[in-house]
Colleague: 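My questions all concern the structure below.
Within every chain, numbering begins at 1; the chains are lettered A, B, ... in the order of the sequence lines, protein sequences first and strands thereafter. Just so you know, these numbers use all the heavy atoms, side chains as well, and skip hydrogens, waters and symmetry mates.
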There are 2 protein chains.
Amino acid sequence: MSSASGRGGPETRGRILDAAEALFVEHGLEATSMRMITATAGVNLAAVNYHFGSKENLIQEVFRLRLGELNQRRLAALDRVEDAAGAAGVGVKPSQVLEAFFEPSLQMATDETHGGRIFMQLLGRTYTEPNAFVRKFLAAEYADTLERFLDALYASLPGVPREEILWRFHFMMGATSYAIAGTDALQLFAGKFDDEDPARLIPRLMSFLLGGLRAPLPELASGADAPAHADD
Amino acid sequence: MSSASGRGGPETRGRILDAAEALFVEHGLEATSMRMITATAGVNLAAVNYHFGSKENLIQEVFRLRLGELNQRRLAALDRVEDAAGAAGVGVKPSQVLEAFFEPSLQMATDETHGGRIFMQLLGRTYTEPNAFVRKFLAAEYADTLERFLDALYASLPGVPREEILWRFHFMMGATSYAIAGTDALQLFAGKFDDEDPARLIPRLMSFLLGGLRAPLPELASGADAPAHADD
DNA sequence: TTAGAATTAAAACATACGTTTGAATGAACT
DNA sequence: AGTTCATTCAAACGTATGTTTTAATTCTAA
């Protein structure tokens with residue numbers, strides 16, 4: 001079994017991971033067959049089952065590797081922000097929390113050299129993947145990171161119910177997912193985006209997310225009081 | 001061939017549509033087999049190919065039916081808003097445009113009696129569906145409606161570049177998609193939502209969307225001027 | 001060089017898929 | 001009654017799936 005790539009194996013394991021990642025994005029998890037993967041990777045069909053045991057294990061491995069790195073970057077960014085604020089004796093700002101969470105994904109998504117862009121498109125799709133075992137696995141991988149960021153956001157927004165923060169975080173992940181899945185995955189706006197420069201995507205999205213996060217709280221279902229938002 | 005359900009056919013066609021819709025949500029398009037559909041509908045395996053020709057045609061029919069109704073409601077709502085504003089001699093407000101577009105989806109999504117809720121979950125997932133023919137079809141079905149709403153939004157937001165509106169609309173659809181896919185589809189926040197009352201989802205989301213839409217414009221990539229947003 | 005483990009290769013495994021076929025059914029019309 | 005025609009049915013079609021098996025090969029270490 002061995003760890004990364006056995007001994008001197010001609011990187012068969014790594015080639016499978018790369019090929020699988022790219023094909024998962026292009027065709028989805030279910031629609032990507034073992035034969036497509038092995039053919040693209042230029043290895044024998046049996047290699048996947050030999051190195052990973054099963055297709056499910058391969059999928060998990062693809063996600064675990066990249067998602068682990070992504071969440072590590074996020075937590076490191078949050079650490080830096082909290083340390084700096086602590087040293088200055090002030091609280092962390094919501095915008096800083098958002099940036100710590102979403103910037104790493106966007107950086108990864110717009111990094112052409114790294115295979116990151118491919119992965120982030122895959123990840124965005126997978127949040128809503130119907131496949132039960134994939135969702136369960138993803139939730140487990142995310143749990144700790146999500147917990148820390150929700151706490152940080154809650155601390156940075158006094159007076160906002162935790163419930164509301166939870167929902168807005170959910171909405172923000174949705175907006176980010178679409179931002180990353182982007183203009184080539186979603187062709188609804190085909191031919192309408194003049195400017196797809198990924199460098200400009202980050203400020204665009206961050207501005208939108210901040211606006212949404214700091215929007216006036218909605219009136220609670222009971223239709224009594226005055227509307228909370230300025231109505232335009 | 002006949003239109004709705006032939007002559008006295010025991011609604012075989014309709015039962016297939018209902019079963020397919022529910023199964024597509026639960027397992028995805030590719031992972032839902034003809035045998036699952038026909039077994040759930042209680043009809044013969046060959047019935048799908050007889051009534052719809054192929055699985056692809058069945059998928060298209062499922063989407064066409066509900067999406068047609070949804071977009072009709074959206075356009076009707078926009079008509080009402082524009083007529084009222086025209087009669088009063090004022091412009092349409094951005095919040096009104098948003099409500100005309102997103103409220104019908106949320107109404108449909110939270111309507112338990114109708115099969116609407118099921119469909120909206122399916123639709124939210126399908127925007128990012130890797131399957132090419134589904135995306136193409138969806139884009140075609142959406143084209144006219146989207147065009148009208150983008151125009152209305154552009155007219156209601158003087159001074160905001162059309163490019164920016166396009167992006168923010170994209171982001172808003174992402175947030176809405178997650179809102180609808182909701183807490184049972186996406187288990188990342190499992191056990192953390194205390195309040196899943198769908199009636200409160202609408203004001204929650206609308207408040208968030210409005211905040212995002214009206215956020216200060218991002219600085220354009222050139223790192224010159226002062227930041228446009230109040231930084232917290 | 002040789003023994004032994006790790007890896008690759010070709011082939012077959014059983015199962016599931018979407019679709020097609022041809023006969024049986026049953027109501028509507030002449 | 002007989003005929004027609006849309007629909008349903010059981011069965012099989014060919015193809016593709018993930019996985020397993022067995023043999024050949026490559027590399028490592030003594």
Colleague: Of the listed nucleotides (D:dA12, C:dT8, D:dT19), which one gets closest to any side-chain atom of A:T12?
Modeller: C:dT8

Colleague: Using a cut-off of 4.0 Å on non-hydrogen atoms, how would the nucleic acid contact of A:T38 be classed: base, sugar-phosphate, or nothing?
Modeller: nothing

Colleague: Between C:dA6, C:dA12, C:dT19, which nucleotide gets closest to the side-chain atoms of B:N49?
Modeller: C:dT19

Colleague: Given atom CG of B:N57 and atom P of C:dT20, what is their separation to the nearest angstrom?
Modeller: 11 Å

Colleague: Measure the distance from CG on B:L45 to C1' on C:dT20 and round it to the nearest whole Å.
Modeller: 10 Å

Colleague: Consider salt bridge (charged side-chain N to carboxylate O under 4.0 Å, His left out). Of A:E141, A:E61, A:E21, which one does A:R66 pass it with?
Modeller: A:E21

Colleague: Atom CD1 of A:I16 and atom P of D:dT19: how far apart are they, to the nearest Å?
Modeller: 13 Å

Colleague: Would you say B:H51 reaches D:dA6's phosphate, i.e. side-chain N/O to OP1/OP2 under 4.0 Å?
Modeller: no

Colleague: Counting any heavy atom closer than 4.0 Å, what does A:A46 reach on the DNA or RNA strands: base, sugar-phosphate only, or nothing?
Modeller: base

Colleague: State whether the side chain of A:S207 and the backbone N or O of A:P203 hold a donor-acceptor pair below 3.5 Å, judged by distance alone.
Modeller: no

Colleague: Quick one: B:M36 CE to C:dC17 P, roughly how many Å, whole number?
Modeller: 8 Å

Colleague: In whole angstrom, what separates B:K55's NZ from C:dT19's P?
Modeller: 8 Å

Colleague: Whole-Å distance between D:dG18 P and A:F133 CZ?
Modeller: 12 Å

Colleague: Before we go on, tell me: are the rings of B:F169 and B:F149 under 6.0 Å apart, centre to centre?
Modeller: no

Colleague: Among the candidates D:dT19, C:dT8, C:dG18, find the nucleotide nearest to the side-chain atoms of A:R35.
Modeller: D:dT19

Colleague: Counting side-chain heavy atoms from CB outward, which of D:dA6, C:dT19, C:dT7 is closest to A:Y50?
Modeller: C:dT7

Colleague: Would you indicate, yes or no, if D:dG18 has its OP1 or OP2 atom less than 4.0 angstrom from a side-chain nitrogen or oxygen of A:S54?
Modeller: no

Colleague: Any chance the side chains of A:S105 and A:R73 put a donor and an acceptor closer than 3.5 Å?
Modeller: no

Colleague: Using the six-membered ring of A:Y154, assess whether NZ or CZ of A:R162 lies under 6.0 Å from its centre and within 45 degrees of the ring axis.
Modeller: yes

Colleague: Can you tell me the distance, in whole Å, between the CZ atom of B:R13 and the P atom of D:dT7?
Modeller: 10 Å

Colleague: Report yes if a side-chain nitrogen or oxygen of B:S33 is closer than 4.0 Å to either non-bridging phosphate oxygen (OP1 or OP2) of C:dC17; otherwise report no.
Modeller: yes

Colleague: Rounded to whole Å, how long is the line connecting atom CG of B:N44 with atom P of C:dA24?
Modeller: 15 Å

